Amino acid sequence: MPMVTGDTEPEQQMLVQWCMSAQVFSEPEFRQTIRRIHCIDEGKDMEEILPVVEQINGSMSAFSLELRSAMDQTSGVRMWALVNTNADPISIGATPYTASELIMLKTLVEGVFTEGSGNYSMSFHDALRLATKRGGTRAEVESLLRRFTGDGWLALDEGFVVLGARSIIELQSYFNTGFADYIRLCSLCKEMATSGVVCMECQEAVHPYCAGRVAEANGGQLSCPKCNRHIRQPWKFGPGERGVPHALESGALEAKEENVGVEEPATQSIKKLRIEDSSDEE
Amino acid sequence: MDEDTQVCERKAIDLVRYALACHASGKPLKRENLKAHVLGNTPARNTRQLLDRANELLTQNFGLKMVALPSHEKVLTAAPKAQPAPAKWVLQSTLPDAARQRLDLPQSDDDQAILGFAATVLSLVFVSNMSVSVDQLVLYVRKLGPPQCIAPVDSRGASDAHLDSAAREAIAYLTRHGYLDKVKLGASETQATQQPTDGGDHHDDGMVYTWGPKAKIEFQPLDMARFIAAATGQECTEDFLRIIGRAYGSNIASQ
């Protein structure tokens, strides 16, 4: 059992309270808060925040809490959250959601993560359809969806429901345990990728932000960080993209190459779903 | 550390985790849930020890402590009542004043609006000897205008009935969340409080609003006096505290 010994400094207590209140926050906000709490002038250099994070995690581990982060895949800004590392009856017993709301959240998170075209997203309408199958009126489900978005578990990106920063930061081990086959890691930064480009040669994925960094370093030319081949026609995945299916991934890519101009199965499935939707509404 | 001590320490840590999770969810810790999720078959004589150790861990590591929520008032009397054994707890900061101000905890616009509204309503009750009649409070809240996130109403085109209904909805919200208690006036208190003027229905006769359990925890008398001073553009001097204390019904400066 981890030992809990002695007082922590008041500044650390203040930082922990702030992290708990902010829930999910960007690294620049975190730095600003550290400066304010430690009364460090704006003009003065500040040590890297990692020692602060390590110190907090040292005292929080006994309480199954940890400061974790993930990079925003488009902007490159690092996002942080103080997460619970032990999903036992104690933490589940105090959740703000009812049992049925938790099931709804799980359904949506899993639905987005395992979505067939490998885009880690679904339209708002599809998300509503999936959620209403679990029960509740459309208005109730819509209100719940907005709540999940407000709490950071999901997010809306150009009309598509995607994983929120909190899911990406807090549910990593959950995805690793139950959905390992659906995980893509960015070849450059090694963090989970739910949007980006895939190299046709070696099927490695790269975040949009990381792809931008590689292109900038290569005079505007995007090449795969793993196999170094030039990515001429990148296969994009993410909200609103053509997608790169998880299942039979290399087979799907070969089919795409041979049949340029022919609709790929993922798009056909999505169109079929949309036709079914409009006949439902009639 | 021997096995018994280890088991106690583990339970105290679990109690801290549960308290923090409830705090994050905006829910109080309830005694029955504590038993179900954390304490289990812990004998009653050890529960006090566990609560004390959990509070020690909370204060040392988080700058927080569990405080018992006072019970709801049912009848307003001058004499203080003995509080029953606590059934609910909330977390309160143990950080000094200056530190709390430097902390500047992030709050959503809605949360800020609700807190500001609650503080303003509570300040009225505070300076009215801690009780205001139902009609007077409705009138006050109508003039103040409740936050849109609690009782949405377009005040420009709204009818009297609509504004009245929005004010009552906002007061009901504060009551549900523990900021206000609707209580019966004790016999000796009847003269001290303003009674409704004739014209309306009298089903709320003898009923007044006073501070609820959550208000008593979140707003200390001195904090409220400072809030009133800031809101009215005055300095919070000893004289000001004496005047406010007379309206509150108790000396504030000495607290």
Side-chain angles (χ1 to χ4, degrees), chain A residues 1-26 29-30 32-40 55-65 81-98 101 150-151 166, chain B residues 1 3 5-30 32-40 53-54 56-65 91-111:
Chain A
M1 189 182 77
M3 289 295 294
V4 185
T5 52
D7 281 313
T8 56
E9 296 289 330
E11 286 78 14
Q12 184 167 311
Q13 294 168 9
M14 289 159 76
L15 265 176
V16 167
Q17 281 193 25
W18 186 88
C19 291
M20 280 166 45
S21 183
Q23 293 189 341
V24 181
F25 43 94
S26 70
E29 280 177 303
F30 195 20
Q32 206 175 19
T33 302
I34 294 171
R35 279 187 181 280
R36 187 176 66 247
I37 285 170
H38 286 272
C39 302
I40 302 171
Q55 204 173 12
I56 289 175
N57 284 343
S59 60
M60 292 293 107
S61 62
F63 307 100
S64 305
L65 291 170
L82 184 63
V83 305
N84 171 46
T85 58
N86 184 359
D88 61 354
I90 287 174
S91 54
I92 291 169
T95 176
Y97 302 122
T98 63
E101 286 169 353
D151 291 343
R166 200 162 167 193
Chain B
M1 202 190 263
E3 203 177 315
T5 315
Q6 274 198 14
V7 167
C8 283
E9 186 72 354
R10 179 75 259 163
K11 285 205 170 176
I13 288 172
D14 285 345
L15 183 42
V16 167
R17 292 180 56 224
Y18 187 70
L20 291 171
C22 286
H23 180 70
S25 303
K27 303 192 294 199
L29 282 90
K30 293 183 183 175
E32 63 264 27
N33 292 342
L34 269 184
K35 276 185 82 63
H37 294 293
V38 182
L39 302 177
R53 177 58 183 151
E56 217 175 280
L57 292 170
L58 275 167
T59 306
Q60 284 169 1
N61 293 279
F62 299 90
L64 296 166
K65 66 178 179 189
L91 293 187
Q92 196 179 54
S93 179
T94 57
L95 296 172
D97 227 7
R100 279 191 290 138
Q101 286 182 25
R102 208 161 82 237
L103 186 50
D104 192 22
L105 288 176
Q107 265 185 320
S108 67
D109 290 343
D110 282 355
D111 285 345

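As the structure is a computational prediction, the values presented were derived from the model and not from experiment. We name chains A, B, ... by the order of the sequence lines, and we start the count at 1 in each one.
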Quiz prompt | Spacing of A:Cys39 atom SG and B:Arg102 atom CZ [to the nearest 0.5 Å] | solution =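 Between atom SG of A:Cys39 and atom CZ of B:Arg102 there are 4.0 Å.
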
Quiz item: Can you tell me how far OG of A:Ser59 sits from CZ of B:Phe62, rounded to the nearest 0.5 angstrom?
Solution: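 If I round to the nearest 0.5 Å, the distance is 7.0 Å.
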
Self-check item: Partner set under side chain to side chain contact (heavy atoms under 4.5 Å, CB included) for B:Thr94, not counting sequence neighbours
Solution: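 Once residues adjacent in sequence are excluded, the partners of B:Thr94 under the side chain to side chain contact (heavy atoms under 4.5 Å, CB included) criterion are B:Thr59, B:Lys65.
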
Considering only heavy atoms, which portion of [X] lies under 4.5 Å from any heavy atom of chain B: side chain, backbone, both, or neither?
X       : answer
A:Glu29 : neither
A:Ile56 : neither
A:Asn84 : side chain
A:Met14 : both

Give me the atom names and distance for the closest heavy-atom approach of [X] to [Y].
X       : Y        : result
B:Leu95 : A:Pro10  : CD2-O, 4.3 Å
A:Ser21 : B:Pro106 : OG-O, 3.2 Å
A:Met20 : B:Leu64  : CE-CD1, 4.1 Å
A:Ala62 : B:Arg10  : O-NH2, 3.9 Å
B:Lys27 : A:Thr95  : NZ-O, 2.9 Å

Quiz item: Crowded around B:Asp97 CG? As in, over 12 foreign heavy atoms under 6.0 Å?
Solution: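 Yes, enclosed.
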
Please classify the contact of [X] with chain A as side chain, backbone, both or neither, using a heavy-atom distance under 4.5 Å.
X        : result
B:Asn33  : neither
B:Leu103 : both
B:Leu15  : neither

Quiz item: Do you know which of B:Ser93, B:Pro96, B:Gly63 has the most heavy-atom pairs under 4.5 Å to chain A?
Solution: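 Top option by heavy-atom pairs under 4.5 Å: B:Gly63.
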
Quiz item: salt bridge (Lys or Arg N to Asp or Glu O under 4.0 Å): which pairs involve residues 86-96 of chain A, sequence neighbours left out?
Solution: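 For residues 86-96 of chain A, and leaving out neighbouring residues, the salt bridge (Lys or Arg N to Asp or Glu O under 4.0 Å) pairs sorted by first residue read A:Asp88-B:Arg17.
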
Exercise. Taking the side chain as every heavy atom from C-beta outward, state whether B:Asn61 and A:Met60 have any pair of such atoms under 4.5 Å apart.
Key: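 Yes, side chains in contact.
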
